[in-house]
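In this chain, residues are counted from 1 in sequence order.
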Amino acid sequence: MRYDLVIFDNDGVLVDSEPISNTLLAAYLTELGHPTSYEDSLRDYMGAAMHRVHDLVEERTGQRLPVDFDDVFHMRVFAAFERELEPVGGAVDVLEKLAADGVPYCVASSGSHERIRVGHLKTGLDRWFDEERIFSSQDVGRGKPAPDLFLYAAGRMGVPPEKCLVVEDSPLGVRAAVAAGMDVYGFTAMTPADRLAGADQLFSDMSELLGLLQC
C-alpha cells in the first residue's frame with residue numbers, strides 16, 4: 001500500500017452515528033427557538049466540532065446557546081447511542097485487514113474523546129483503538145475544516161502528511177485533509193458525491209475501501 005497511515009473520521013465512517021446525532025441536534029436547536037431541520041443539521045454541522053454550532057447560531061441570530069448546551073446535547077446523544085448505535089457496515093472488515101497487514105491507522109474526530117470512546121464501546125470497535133490511536137478536536141485549537149487535527153494525528157503517529165490517507169464523509173473533513181496536504185477518500189453513503197468533490201477518490205460502500213487501498 002502506498003500510504004504509511006490511514007486516518008479515519010469517526011462519526012459516519014466507523015460508527016453510524018450521524019443520523020442519530022443530527023436528528024437530536026436539530027430537535028434540540030428547534031426546542032431552543034432556532035428552527036433547524038435534520039437536513040439543515042447535516043448541511044451545517046456534519047463533521048464539525050461543537051464550537052461550530054455555537055458560532056453559527058450566534059452569527060445568524062445574535063443569541064448565544066445556553067452554557068449547558070453541550071452537556072445536555074451529549075447526554076441525549078449518549079443515551080441514544082446506548083439504544084441504537086451500530087458500527088458502519090464493513091468497517092470491522094477494513095480494520096481487521098489493516099491490523100492483519102500491519103498498516104498503521106488511527107481515528108481523528110471532531111467529537112470529544114468521551115463521545116469517541118462511548119461509541120466504540122457500544123459498537124465493539126474499542127478492540128481496534130487503544131488511546132494512542134484516538135485523536136479528537138479537543139486536542140487542538142481549531143477543528144475541521146482547519147488541518148490542525150489531521151496534522152496533529154500524523155505527527156503523533158510519526159508519519160509525514162504526504163504519506164497519509166484520510167477517510168472522510170463530510171465536506172468539512174475533506175477540506176481539512178486537503179489543507180493538511182493529505183490524500184482523502186470521500187465516503188458517500190450519507191453525503192452527496194458533489195459535496196465531497198475535493199476528494200481524491202469517492203466510494204459509497206465501506207467494502208470498496210480495501211480495494212481502493214490496494215490500488
**Report entry** H120 and N10: CA distance, side-chain angles, deciding distance, side-chain contact (heavy atoms from CB on, under 4.5 Å) verdict
**Finding:** CA-CA 9 Å; H120 285 188; N10 190 56; 2.8 Å; yes

Group every Ile, Leu, Val, Met, Phe, Trp and Tyr by side-chain heavy-atom contacts under 4.5 Å, then state whether [X] and [Y] land in the same group.
{"X": "V103", "Y": "L95", "result": "yes"}
{"X": "I134", "Y": "L149", "result": "no"}
{"X": "L98", "Y": "M182", "result": "no"}
{"X": "V140", "Y": "V159", "result": "yes"}

Query raised in the report: Which is it for D101 and K97 under the salt bridge (charged side-chain N to carboxylate O under 4.0 Å, His left out) test, yes or no, and what are the steps along the way?
Result: CA-CA 6 Å; D101 291 350; K97 178 62 173 173; 3.4 Å; yes

**Report entry** side-chain contact (heavy atoms from CB on, under 4.5 Å) between R76 and V72, worked out
**Finding:** CA-CA 6 Å; R76 296 180 182 186; V72 172; 3.7 Å; yes

Is a donor on one side and an acceptor on the other found under 3.5 Å between the side chain of [X] and the backbone of [Y]?
{"X": "S137", "Y": "S110", "result": "yes"}
{"X": "E18", "Y": "M190", "result": "no"}
{"X": "K163", "Y": "D4", "result": "no"}
{"X": "S136", "Y": "D139", "result": "no"}
{"X": "E82", "Y": "A79", "result": "no"}

**Report entry** Any donor-acceptor N or O pair under 3.5 Å, side chains D11, S17
**Finding:** yes

Query - D183-Y3 side chain donor-acceptor pair, cut-off 3.5 Å - result: yes

Query - Candidates F8, Y105, F135 - the one meeting ring-ring contact (aromatic ring centres under 6.0 Å, His included) with F129 - result: Y105

Side-chain heavy atoms of [X] within contact of [Y], under 4.5 Å:
{"X": "L65", "Y": "L32", "answer": "yes"}
{"X": "V178", "Y": "V184", "answer": "yes"}
{"X": "F203", "Y": "M206", "answer": "yes"}
{"X": "S21", "Y": "R115", "answer": "yes"}
{"X": "Y45", "Y": "L29", "answer": "yes"}
{"X": "L172", "Y": "M46", "answer": "no"}
{"X": "L165", "Y": "L5", "answer": "no"}
{"X": "E86", "Y": "F81", "answer": "no"}

Atom pair [atom1]/[atom2] of [X] and [Y] - distance to nearest 0.5 Å:
{"X": "R142", "Y": "R52", "atom1": "CZ", "atom2": "CZ", "result": "14.0 Å"}
{"X": "T61", "Y": "H34", "atom1": "OG1", "atom2": "NE2", "result": "5.0 Å"}
{"X": "L209", "Y": "Q201", "atom1": "CG", "atom2": "CD", "result": "10.0 Å"}
{"X": "N22", "Y": "S37", "atom1": "CG", "atom2": "OG", "result": "10.0 Å"}
{"X": "R64", "Y": "E58", "atom1": "CZ", "atom2": "CD", "result": "5.0 Å"}

Query raised in the report: Out of I20, V88, L125, I116, which one pairs with V15 under the side chain to side chain contact (heavy atoms under 4.5 Å, CB included) rule?
Result: L125

Query raised in the report: Stepwise, does the side-chain contact (heavy atoms from CB on, under 4.5 Å) test hold for V167 with V6?
Result: CA-CA 7 Å; V167 183; V6 180; 4.0 Å; yes

Requested in this report: Assign the ring pair F73 / F69 to parallel, tilted or perpendicular, where the plane angle (0 to 90°) is split at 30° and 60°.
Outcome: parallel

Requested in this report: Evaluate whether atom CZ of R43 has more than 12 neighbouring non-hydrogen atoms of other residues, nucleotides or ligands under 6.0 angstrom away.
Outcome: yes

Query raised in the report: Do V107 and L14 pass the side-chain contact (heavy atoms from CB on, under 4.5 Å) test, and can you show the C-alpha distance, the side-chain angles, and the key distance before you say yes or no?
Result: CA-CA 9 Å; V107 61; L14 295 176; 4.0 Å; yes

Report task. Determine, stepwise, if the pair K144 / D9 fulfils salt bridge (charged side-chain N to carboxylate O under 4.0 Å, His left out). Result -> CA-CA 11 Å; K144 305 169 189 177; D9 176 44; 3.1 Å; yes

Query raised in the report: Does R60 come within less than 4.0 Å of D44, counting only side-chain N to carboxylate O?
Result: yes

